[in-house]
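What follows is a short report on a single structure.
All figures in this text were calculated on a predicted structure; none of them were measured in a lab. Each chain gets a letter, A, B and so on, in the order the sequences are listed, and its residues count up from 1.
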Protein chains: 2
Amino acid sequence: MGTTKRGSERREDALSRERIVDAAIELLDEEGESGLTFRSLASRLATGPGALYWHIANKGELLVAATDAVIARTVAQVPAVATPHEAIRGIAVGVFETIDAHPWVGAQLSRAPWETPTLRIFERIGRQVQALGVSGRAQFTSASALLSYIVGVSIQNAANGRLFEPSVDRADFLDTMSARWKQLDAHEYPFTRKVAAQLPGHDDLAEFLAGIDLILAGIAASR
Amino acid sequence: MGTTKRGSERREDALSRERIVDAAIELLDEEGESGLTFRSLASRLATGPGALYWHIANKGELLVAATDAVIARTVAQVPAVATPHEAIRGIAVGVFETIDAHPWVGAQLSRAPWETPTLRIFERIGRQVQALGVSGRAQFTSASALLSYIVGVSIQNAANGRLFEPSVDRADFLDTMSARWKQLDAHEYPFTRKVAAQLPGHDDLAEFLAGIDLILAGIAASR
DNA sequence: TGTTGTTATGGAACGGCGTTCCATGGGCCG
DNA sequence: CGGCCCATGGAACGCCGTTCCATAACAACA
């Protein structure tokens, strides 16, 4: 692996771990997860696949690095607010929107759990859980329940967006889904059929935050 | 695609969608997600890769079918209990244990959301939410919050199990993780470092159920 | 400035993947 | 018995991640 050393200026177009990771993020955002290959990445950087391996061990490491770069930016941008409750909502919204904008981040978070990206989120949540006054052992429980919920819902949400072509807009998508649910077997899926009617006009982010409030209410009730 | 027709008995070793899916499940359980290839599957069924495509459109469909078979078995085996609260815990435990035993099921659930397997779980949860007395619009919110939490935590848990070789046992795993967390930067990760001490002796399933109770407490509080 | 050794590059090649193609065989119906 | 369609399975295509290695760029020293 390469450690670019010395203050001396190497060639202008020199590769570096950072340049590679940035290009990978661009590629993932533009072409989706399947658009990132060592060949496409190399061609974007005007080099060959072999050269990349001097800076990065394998594709897994590349994906972790790309995810970490994106998540680090996210947690850094969460606005400071007055109450822990609001702060947790802020983190939740940040993660939700990040994964919505970069669906590959979600997939990566569940594929490689408890890597640095996950820990960044966990840490931010944990501090606020502490600030809520949750006692010792319950801090871990509360923080990891929130983490799992936030990441879990965000992934589901982002995956939904890719169920149909990007051209299909949100209202049409919900209508299609609702119609499909209504055609399910009446005996096997009574509940799903009933709530299908609620699907159009459904606000994912609001629903998500309502879930956060549910969990926070639970934490408060059992404090 | 093939529709095996007629009551007549075809050759003894005839392929069928069902035989293929069963063999795929075996392969996934024994060799993990990367162990399932059309070639390995064909050789287990003593045929060639091309023959499989008569019964199954592509690998995605195969994975959905395999996941659905496993999840269907799971929801069918959830024991009947007295209260909706207990019933939801029962479903949660069933899903948790299924994904723990078949980690590939978890990956698949988040990759292809709102396919039949997810709907099966959603339906069971929804009925119990209804039985809890949750009112109209809140039913959807509550059921999908529970679904996301249950699937999200189960996936994280199963992924943890694959972080190290299967030979490493659970206590060693938690010790290693705890040690790693304690070495994080003191200024950037104060919370994570503090709860690292709680990691050994940590009971994932109990923690998971505690989170369920948190959410149910929240649902009850806001009913 | 010339020489030497390390750092870094990038093209070629390897094995394996999902998928497609197509020549062939088994079983039913006229 | 002959024709036909369902079903089979092996070969081939184009891609992937990764490895290998010849060689270019650069730093240090004579």
Side-chain angles (χ1 to χ4, degrees), chain A residues 1-25 27-28 30-67 104 107-108 111-112, chain B residues 1-25 27-28 30-67 104 107-108 111-112:
Chain A
M1 187 112 12
T3 40
T4 312
K5 43 175 72 166
R6 226 57 55 93
S8 69
E9 348 71 18
R10 294 197 148 263
R11 28 189 287 199
E12 182 63 27
D13 66 337
L15 286 175
S16 70
R17 192 182 161 93
E18 195 193 345
R19 275 193 63 212
I20 294 174
V21 170
D22 285 347
I25 293 174
L27 216 37
L28 286 163
E30 290 167 20
E31 316 278 349
E33 206 151 355
S34 65
L36 176 67
T37 71
F38 274 83
R39 277 171 248 271
S40 64
L41 185 56
S43 106
R44 175 168 290 229
L45 292 165
T47 181
L52 303 175
Y53 280 85
W54 183 260
H55 302 272
I56 294 219
N58 53 49
K59 191 166 186 181
E61 188 183 302
L62 176 59
L63 283 168
V64 168
T67 305
W104 53 272
Q108 186 52 26
R111 195 174 309 138
Chain B
M1 186 108 17
T3 39
T4 311
K5 43 175 75 168
R6 226 58 55 91
S8 68
E9 347 71 19
R10 297 200 148 261
R11 26 189 289 201
E12 182 64 26
D13 64 338
L15 286 175
S16 71
R17 191 183 162 94
E18 195 192 344
R19 277 193 62 211
I20 294 174
V21 170
D22 285 348
I25 292 174
L27 217 36
L28 285 163
E30 290 167 19
E31 316 278 348
E33 206 151 355
S34 66
L36 176 68
T37 71
F38 274 81
R39 277 172 248 271
S40 65
L41 186 55
S43 106
R44 175 169 291 229
L45 292 165
T47 181
L52 303 175
Y53 280 86
W54 184 260
H55 302 272
I56 296 226
N58 52 49
K59 192 167 185 180
E61 189 183 301
L62 176 59
L63 283 168
V64 169
T67 305
W104 53 273
Q108 185 53 27
R111 195 174 310 138

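In this structure, K59(B) places its NZ atom 14 Å from P of dT20(C), rounding to the nearest Å. Rounded to whole angstrom, the span from the CD atom of E61(B) across to the P atom of dG18(C) amounts to 15 Å. Between the CZ atom of R17(B) and the C1' atom of dT8(D) there is a distance of 18 Å, rounded to whole Å. When rounded to the nearest whole Å, the span between CG of L62(A) and C1' of dT18(D) equals 14 Å. Atom pair H55(A):NE2 and dT18(D):P shows a separation of 16 Å (rounding to whole Å applied). At whole-Å resolution of the value, CD1 in I20(A) and C1' in dG10(C) are 12 Å apart. One can place CD of E33(A) at 14 Å from P of dC16(D), the figure rounded to the nearest angstrom.
Using a 4.0 Å cut-off, some side-chain N or O of W54(B) falls inside it from OP1 or OP2 of dA7(D).
Comparing dT20(C), dT8(D), dT9(C) by their closest approach to the side chain of L15(A) singles out dT9(C). Distance from the side chain of Y53(B) is smallest for dT20(C) among the nucleotides dT9(C), dG9(D), dT20(C).
For the helix from dT1(C)-dA30(D) to dT24(C)-dA7(D), the angle separating the two terminal helix axes comes to 20°, with each axis derived from five pairs and the value rounded to 10°.
Each of L52(A), I56(A), L28(A) was evaluated against L62(A); a single residue qualifies, I56(A), per the side chain to side chain contact (heavy atoms under 4.5 Å, CB included) test.
R44(B) CZ to D22(B) CG: the interatomic distance, rounded to the nearest 0.5 Å, is 11.5 Å. A distance of 12.5 Å separates CH2 in W54(A) from CD1 in I20(A), rounded to the nearest 0.5 Å. Remark: L63(A) CG to I25(A) CD1 distance equals 10.5 Å, nearest 0.5 Å.
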Distance-only donor-acceptor hits, side chain of residues 33-41 of chain B, under 3.5 Å, sequence neighbours excluded:
from: E33(B); atom 1: OE2; to: R111(B); atom 2: NH2; distance (Å): 2.9
from: T37(B); atom 1: OG1; to: R39(B); atom 2: N; distance (Å): 3.4
from: T37(B); atom 1: OG1; to: S40(B); atom 2: N; distance (Å): 3.0
from: T37(B); atom 1: OG1; to: S40(B); atom 2: OG; distance (Å): 3.2
from: S40(B); atom 1: OG; to: G35(B); atom 2: O; distance (Å): 3.0
from: S40(B); atom 1: OG; to: T37(B); atom 2: N; distance (Å): 3.1
from: S40(B); atom 1: OG; to: T37(B); atom 2: O; distance (Å): 3.0

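N58(A) and Y53(A) make their closest contact through CA-CE2, 4.2 Å (heavy atoms, listed as atom of the first residue, atom of the second, distance). Here the closest heavy-atom approach between residue R17(A) and residue A65(A) is recorded as NH2-CB, 3.7 Å. Taking both residues in full, the closest heavy atoms of A42(B) and P49(B) are given as CB-N, 3.6 Å, listed atom of the first, atom of the second, then distance. Taking every heavy atom of both residues into account, A57(B) and E61(B) meet most closely at CB-OE1, 3.1 Å.
For the segment residues 34-45 of chain B, the set of residues with a heavy atom within less than 4.0 Å of an atom of DNA chain D comprises R39(B), in numerical order.
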